[in-house]
Amino acid sequence: MADEPAGVDPIAVPSPGDAQPGWIRIVVVVAVVVALVLVVARFVKKDVVTNWEVLASCSTVTDVGPARVSATLDMSACLTEPTDPGIPRDWPIVTFVLPPEVGADPTITGITSDDTKRTMSIAYDGAPRSEGTQTGGHVLVFVEVPPGEVPPAPFTVLDAAGSTTVTAVP
């Protein structure tokens, strides 16, 4: 031990490679925690629909009635020309009714579908009343959702028209 500097214990001095395993452990623990949170969130928030697409929106003054889910884009209830209609992917199209304040091209933030409660609802950002449509009627939003995301019939659509029971899904 004559080669060692005085006062330095060779066993207590960590080598440069010894500091990395601590960081690796931290990264692994963080990755596992994030993965668990994602798995739990996916199963807890199972009612949140993903891959939905707004196909069109328009103003209306007519009642949409219980025909809220269709296999084709039916804009016959539109009072005004719909916004640029999208191209359907042959998925069910759910028609939601929004208040006139949202304007002709509303910002949709989410769709929920709850199989246990048998409900579907829409979340959107509201526009100031002065920026909305001036027709006095509601705004229809045609949303295409993946086939497995529509609750089994009968189910209830919750939107600005209140609650509407859908008795059949094409």
Side-chain angles (χ1 to χ4, degrees), residues 31-170:
V32 168
V33 169
V34 168
L36 287 173
V37 167
L38 290 175
V39 167
V40 169
R42 173 67 181 141
F43 288 108
V44 170
K45 296 298 282 177
K46 190 169 177 20
D47 58 340
V48 175
V49 177
T50 58
N51 296 328
W52 54 269
E53 182 179 342
V54 174
L55 295 177
S57 61
C58 66
S59 296
T60 186
V61 291
T62 62
D63 184 21
V64 180
R68 293 296 196 90
V69 182
S70 64
T72 60
L73 185 57
D74 178 17
M75 297 180 287
S76 60
C78 291
L79 176 67
T80 60
E81 187 67 27
T83 58
D84 303 321
I87 299 170
R89 296 175 278 191
D90 295 328
W91 289 356
I93 299 170
V94 181
T95 305
F96 289 99
V97 179
L98 302 182
E101 294 84 34
V102 298
D105 192 17
T107 302
I108 308 304
T109 58
I111 307 292
T112 57
S113 175
D114 190 337
D115 285 351
T116 57
K117 293 181 182 176
R118 293 187 178 237
T119 59
M120 281 194 86
S121 60
I122 188 167
Y124 55 90
D125 287 337
R129 194 173 284 272
S130 62
E131 293 180 19
T133 59
Q134 303 303 318
T135 63
H138 287 75
V139 174
L140 298 180
V141 178
F142 303 92
V143 180
E144 187 176 48
V145 297
E149 299 289 347
V150 176
F155 67 92
T156 304
V157 174
L158 305 170
D159 55 19
S163 60
T164 304
T165 302
V166 175
T167 56
V169 176

| task | Please lay out, stage by stage, how D159 and R68 fare under the test side chain to side chain contact (heavy atoms under 4.5 Å, CB included). | result | CA-CA 11 Å; D159 55 19; R68 293 296 196 90; 2.6 Å; yes

[X] side chain near [Y] side chain, heavy-atom distance below 4.5 Å:
X    : Y    : result
P151 : D114 : no
P106 : V141 : yes
V69  : M120 : no

| task | Would you confirm whether T109, through its side chain, and A123, through its main-chain N or O, come within 3.5 Å as a donor-acceptor pair? | result | yes

[X] to [Y] - nearest heavy-atom pair and separation:
X    : Y    : answer
L79  : T60  : CB-CA, 3.9 Å
C58  : F142 : SG-CE1, 4.0 Å
V139 : P99  : CG2-O, 3.9 Å
V54  : W52  : CG2-CZ3, 3.7 Å

Pairs of donor and acceptor atoms involving the side chains of residues 87-96, under 3.5 Å and at least two apart or interchain, shall be tabulated with distances.
| from | atom 1 | to | atom 2 | distance (Å) |
| --- | --- | --- | --- | --- |
| R89 | NE | E144 | OE1 | 3.1 |
| R89 | NH2 | N51 | O | 3.1 |

| message | Tell me every residue that passes side-chain contact (heavy atoms from CB on, under 4.5 Å) with S76, counting only those two or more places apart in sequence or in another chain. | response | D74

| By side-chain contact (heavy atoms from CB on, under 4.5 Å), which residues pair with T156, not counting sequence neighbours? | T119, L158, S163, T165

| task | Assess whether side chain to side chain contact (heavy atoms under 4.5 Å, CB included) is satisfied between I108 and L98, documenting all intermediate values. | result | CA-CA 10 Å; I108 308 304; L98 302 182; 3.9 Å; yes

| salt bridge (charged side-chain N to carboxylate O under 4.0 Å, His left out) partners of R118, counting only residues at least two apart | none

